[in-house]
Amino acid sequence: MATIKDIAKKAGVSIASVSRVLSGDPTLSISNEKRKNILQIAEELSYEYKVKRRKNTSLLVIHNQMRVEELERIHYFHIQRGIEKRAKEKKFNLFVANNSEIESIVRFKQFSGIIAIGEIPQDQIKILSEISDTFVFVDSCPNEGKFDAVLTDCRYTMKQVIDYLLDNGHRQIGLIGQGNKDEIHYSKIRSHIESAFYFYMKEKNLLNESYIYLSETYEKNTGYILMKQAIKDHGIQLPTAFFIHNDLIAIGGIRALHEELLDVPARVNIIGMYNMSISHMITPPLTTVQVYPELMGETAVDLCCERMSGRKVAKTVYITTDLIKRKSSF
């Protein structure tokens, strides 16, 4: 029968590292490549992981880093930090992995709950669902009637943002975001920021679809490119305000306006989202929406506890936001 010592020898790492990987120690500093190699070797050697003493105390945190952009990685890092904080309080053992490691970890089946950060492919959701009945999604919601989820309340966010702009006299309000127009026309998901903009502006009878600029891919110059296109399309009829999907894109939009000698905020107000550390250091400091990713992570662990205590009905928790008013808007 294979031992931890056998795995360590074949993997070229310490026995302690193997033990901590197999127990899901979130404080272990080890590369994803080494972690995956340890799991694969454990599987090859048919290592029988002793799980009885960890019954109902282990959580698997899974995320899909391969498909996310730079800002999402930062956002997901803070979600994970919230998960780790609450898990420590609740005395859970955590095993953190990305979705490329699923096949290597499912054989252990020692997890009493699973938390998925971001979007996970349907085939992998099916595999993970067989490991535990306690399955919580953070920042995505593949099936609201089946799984628990923690989401940012984008409808509330858009009401905050648009009401603020309306109160300050703006009526021509644009959007620079991600996705495509089919998505925002038909997606009424409360966690979809572009759809929330579309439907709230429609409710206010102020929607002008020519003011909406979307990109299906995100790059660092996305905001710059889309704002340049908006300036070209509308000229002196350019909207007096834009809500922009995130702070990095917003910074690019401000740069485009500066190049065209369009003053922010005197000519165009700009509001971003996520309240990144850089948002208060640019000129002018960026008005932005504060989201609470650590609270989202903590809430995900709380939902796991509720499920383990017997709750059967799926539950979705929406986390509200705050508008941080700075000098890019008035």
Side-chain angles (χ1 to χ4, degrees), residues 24 26 32 58-90 92-102 105 111-122 124-129 131-157 178 187 189-193 195-196 245-246 273-276 289-309 311 313-322:
N32 284 333
S58 297
L59 293 180
L60 169 63
V61 179
I62 197 89
H63 49 85
N64 186 354
Q65 287 192 332
M66 301 302 293
R67 297 178 58 187
V68 301
E69 307 295 346
E70 179 181 354
L71 181 58
E72 288 177 302
R73 288 194 183 94
I74 297 170
H75 180 60
Y76 292 168
F77 168 79
H78 288 290
I79 290 173
Q80 183 174 315
R81 191 158 68 177
I83 292 170
E84 292 172 356
K85 176 184 175 182
R86 182 70 92 237
K88 184 176 181 181
E89 293 172 0
K90 300 290 185 180
F92 282 114
N93 295 307
L94 281 188
F95 190 106
V96 181
N98 65 57
N99 66 316
S100 67
E101 301 170 304
I102 286 176
I105 61 179
F111 308 109
S112 51
I114 301 169
I115 299 174
I117 303 176
E119 295 184 359
I120 303 295
Q122 283 295 329
Q124 295 181 347
I125 291 174
K126 185 176 184 299
I127 293 171
L128 292 168
S129 297
I131 300 175
S132 175
D133 293 332
T134 299
F135 201 161
V136 180
F137 286 82
V138 188
D139 220 36
S140 72
C141 187
N143 188 331
E144 197 164 359
K146 182 177 180 181
F147 301 114
D148 288 358
V150 185
L151 305 167
T152 297
D153 192 340
C154 293
R155 288 183 192 172
Y156 175 80
T157 297
Q178 292 181 266
S187 175
I189 298 173
R190 194 165 157 187
S191 61
H192 192 286
I193 196 70
S195 292
H245 180 90
N246 66 53
M273 187 165 177
Y274 288 107
N275 193 26
M276 297 180 65
V289 174
Q290 173 70 64
V291 298
Y292 296 98
E294 287 197 31
L295 177 58
M296 294 173 76
E298 293 171 8
T299 304
V301 177
D302 292 339
L303 289 178
C304 283
C305 291
E306 290 179 15
R307 281 286 197 175
M308 292 172 195
S309 296
R311 176 171 54 81
V313 179
K315 182 177 180 180
T316 300
V317 176
Y318 290 94
I319 306 297
T320 57
T321 57
D322 287 309

Scanning both residues in full, the closest heavy-atom pair of G145 with A314 reads O-CB, 3.5 Å

Distance col, row F95:CZ vs I114:CD1, nearest 0.5 angstrom, shows 12.0 Å

Salt bridge (charged side-chain N to carboxylate O under 4.0 Å, His left out) partners of D139, counting only residues at least two apart = none

Hits for salt bridge (charged side-chain N to carboxylate O under 4.0 Å, His left out) against K315, two or more places apart or cross-chain, chain-then-number order -> E306

Check side chain to side chain contact (heavy atoms under 4.5 Å, CB included) between S129 and all other residues, then give those that pass, not counting sequence neighbours.
-> I125, F135, F147

Contact check, side chains of I319 and D153, non-hydrogen atoms, under 4.5 Å | no

Are the side chains of T316 and L151 in touch, meaning some heavy atoms are under 4.5 Å apart?
-> yes

Residue list, side chain to side chain donor-acceptor pair (under 3.5 Å) with T321, at least two apart or on another chain = T157, Q160

Under the side chain to side chain contact (heavy atoms under 4.5 Å, CB included) test, which residues partner Q290, sequence neighbours left out?
-> N275, Y292, D322, I324

Of all the heavy-atom pairs spanning F111 and S132, show the shortest one and how long it is.
-> O-CB, 3.7 Å

Hey, what do you get for CG (N98) to CD1 (I120), rounding to the nearest 0.5 Å?
-> 9.0 Å

Non-hydrogen side-chain atoms of Q178 and N246 separated by less than 4.5 Å = yes

Shortest non-hydrogen contact from V301 to I83?
-> CG2-O, 3.7 Å

Side-chain contact test, heavy atoms from C-beta onward, threshold under 4.5 Å: evaluate it for I117 versus M296 and give yes or no.
-> no

When rounded to the nearest 0.5 angstrom, what distance separates OG1 in T299 from CG in D148?
-> 11.5 Å

Shortest non-hydrogen contact from V136 toward C304 | CG2-SG, 3.7 Å

Determine whether L303 and V317 make a side-chain contact, defined as any pair of heavy atoms from C-beta on separated by less than 4.5 Å.
-> yes

Contacts of type side chain to side chain contact (heavy atoms under 4.5 Å, CB included), residue K146, not counting sequence neighbours = N143

Apply salt bridge (charged side-chain N to carboxylate O under 4.0 Å, His left out) to E144 and list each qualifying residue two or more places apart in sequence or on a separate chain.
-> none

Who passes side chain to side chain donor-acceptor pair (under 3.5 Å) against E89, sequence neighbours left out?
-> R86

Member of D133, T134, L128 meeting the side-chain contact (heavy atoms from CB on, under 4.5 Å) criterion with I131 | L128

Residues forming a side chain to side chain contact (heavy atoms under 4.5 Å, CB included) with R81, sequence neighbours excluded | F77, H78, E294

Are C154 and H192 close enough, and set up right, to give a side-chain contact (heavy atoms from CB on, under 4.5 Å), and what steps lead you there?
-> CA-CA 6 Å; C154 293; H192 192 286; 6.0 Å; no

Can you tell me how far the CD atom of E84 sits from the CD atom of E298, to the nearest 0.5 Å?
-> 11.5 Å

So which heavy atom on A149 is nearest to which on C141, and how close?
-> CB-SG, 3.9 Å

Under a 4.5 Å cut-off applied to non-hydrogen side-chain atoms, are K90 and C305 in contact?
-> yes

Rounding to 0.5 Å, atoms OG (S195) and CZ (R155) come to a distance of 9.5 Å

Rounded to the nearest 0.5 Å, the CG atom of L59 sits from the CZ atom of F92 at a distance of 5.0 Å

